[in-house]
Amino acid sequence: GASHATASIGRCLGSSDPYLVENAVLALEKLECNDHSLHKTMIKLLDDCRQSRRVIIQVLASLNVTDSIAKINALLGDPSLPVGIRGASIAALVKLSNQKELIEELRDNLKLANQMDRYCAVQDIINSGVYSLLDDVLVTPISPSFRIKAVSEFYNTSLSLGEERKLLSILDSLIIDAPDSLDILHRYNFV
């Protein structure tokens with residue numbers, strides 16, 4: 001929590017090492033950086049394909065940097081944008097400006113062939129805060145720990161009795177982790 005280090009960490013945003021930049025961005029998030037000049041620097045980093053744009057977008061949304069909305073919208077106009085960056089962008093726009101027009105894309109990403117893309121989709125749904133997608137997350141064929149993380153994020157407040165019962169039912173199904181309760185993407189016939 002050494003907020004006095006913000007300026008020193010911020011200077012790392014100008015490094016040619018994308019890993020140092022990524023760690024600086026994450027450190028600024030942990031310090032809840034509210035320095036607008038550093039926010040502008042992070043937004044400008046989204047123009048550099050060498051940077052970890054997914055992480056930068058997630059941090060900008062976490063820090064509630066509404067000045068990033070235009071740049072994130074512009075990124076979404078790129079048809080070659082990787083799915084992970086696109087998903088983070090959609091989640092950020094939901095959080096920053098309640099733009100939910102593309103939220104179905106996050107649901108579709110839960111069915112992508114690549115497991116890491118599905119993990120990213122779950123994180124994007126968590127970051128977006130769109131509770132209505134939780135049921136889709138619960139049947140996604142990924143590690144139960146990621147599904148539990150989603151449940152934990154969406155149920156982190158006090159609950160009514162009905163919500164408590166639903167949560168217990170969800171947790172029971174996650175602990176059992178029966179394959180027939182998942183939306184299996186591939187089936188193989190072994191006889």
field: Backbone N/O of Gln58 and side chain of Ser62: donor-acceptor pair under 3.5 Å
entry: no
message: Using every non-hydrogen atom in the two residues, find where Ala150 and Val137 come nearest and quote the distance to one decimal.
response: CB-CG1, 3.8 Å
side-chain contact (heavy atoms from CB on, under 4.5 Å) evaluation trace for Arg147 with Ile142: CA-CA 7 Å; Arg147 289 182 269 139; Ile142 56 171; 3.9 Å; yes
Beyond-backbone contact of Leu93 with Lys100, side-chain heavy atoms, under 4.5 angstrom: no
- prompt: Within the side chain of Arg118, is there an N or O that forms a donor-acceptor pair under 3.5 Å with the backbone of Lys111?
  reply: no
message: Would a single hydrophobic cluster contain both Leu81 and Ile56, if residues Ile, Leu, Val, Met, Phe, Trp and Tyr are joined by side-chain heavy-atom contacts under 4.5 Å?
response: yes
- prompt: Are Asp17 and Ser15 close enough that a side-chain donor and a side-chain acceptor fall under 3.5 Å?
  reply: no
message: Within the 4.5 Å heavy-atom criterion, are Arg86 and Leu75 side-chain neighbours or not?
response: no
query: How far does CG of Asp136 sit from CG of Asn109, to the nearest 0.5 angstrom?
result: 12.0 Å
Could you pull out all donor-acceptor pairs under 3.5 Å where a side-chain atom in residues 6-14 meets a protein atom, sequence neighbours excluded?
from: Thr6; atom 1: OG1; to: Ser3; atom 2: O; distance (Å): 2.7
from: Ser8; atom 1: OG; to: Arg11; atom 2: NH2; distance (Å): 3.1

field: Nearest-0.5 Å distance, CG of residue Leu134 to CD of residue Glu153
entry: 11.5 Å
- prompt: Nearest 0.5 Å, what's the OG1-CZ distance between Thr140 and Arg107?
  reply: 10.5 Å
field: Exercise: identify the closest heavy-atom pair between Ala2 and Leu31
entry: N-CD2, 3.6 Å
query: Nearest heavy-atom pair of Ser68 and Leu96: which atoms, and what distance?
result: OG-CD1, 3.5 Å
- request: Would you check if there is a donor-acceptor pair between the side chains of Gln123 and Asn127 at a distance under 3.5 Å?
  value: yes
- line: Heavy-atom nearest pair, Ser89 first then Ile57, reads OG-CD1, 3.3 Å
query: Is there a donor-acceptor contact under 3.5 Å from the side chain of His39 to the main chain of Cys33?
result: yes
task: Apply the test side-chain contact (heavy atoms from CB on, under 4.5 Å) to residues Val55 and Glu29: give CA-CA distance (whole Å), side-chain angles for both, the deciding distance (0.1 Å), then the verdict.
output: CA-CA 10 Å; Val55 170; Glu29 177 187 31; over 6 Å; no
field: Contact check, side chains of Val94 and Val130, non-hydrogen atoms, under 4.5 Å
entry: yes
message: Check Asp48 with Arg53, please: is the shortest side-chain N to carboxylate O separation under 4.0 Å?
response: no
message: Can a donor-acceptor pair be found, under 3.5 Å and without considering hydrogens, that links the side chain of Ser152 to the backbone of Ile148?
response: no
- request: List the steps and the verdict of side-chain contact (heavy atoms from CB on, under 4.5 Å) for Asp67 and Ile43.
  value: CA-CA 8 Å; Asp67 291 347; Ile43 293 167; 4.0 Å; yes
query: Can you name the closest pair of heavy atoms from Ile72 and Leu46 and give their distance?
result: CG1-CD1, 4.4 Å
- request: Can you establish whether the number of heavy atoms outside Gln115 located under 6.0 Å from its atom CD is more than 12?
  value: yes
field: From Tyr119 atom OH to Leu110 atom CG, the distance as rounded to the nearest 0.5 Å
entry: 12.5 Å
query: Do the side chains of Met42 and Val25 get nearer than 4.5 Å, heavy atoms only?
result: yes
- prompt: Picking from Gln51, Lys71, Arg50, what satisfies side-chain contact (heavy atoms from CB on, under 4.5 Å) with Leu45?
  reply: Gln51
- prompt: Can a salt bridge be assigned to the pair Arg54 and Asp124 using a cut-off of 4.0 Å between side-chain N and carboxylate O?
  reply: yes
field: Trace of the side-chain contact (heavy atoms from CB on, under 4.5 Å) decision for Ile90 with Gln99
entry: CA-CA 8 Å; Ile90 293 167; Gln99 292 181 38; over 6 Å; no
message: Please tell me whether Met116 and Ile125 are part of a single hydrophobic cluster in this structure, the criterion being side-chain heavy atoms less than 4.5 Å apart.
response: yes
Heavy-atom side-chain contact between Ser52 and Tyr19 under 4.5 Å: no
message: I'd like to know if the side chain of Lys95 reaches the main chain of Ser128, judged simply by a donor and an acceptor atom lying under 3.5 Å from each other, with no hydrogens or angles considered.
response: no
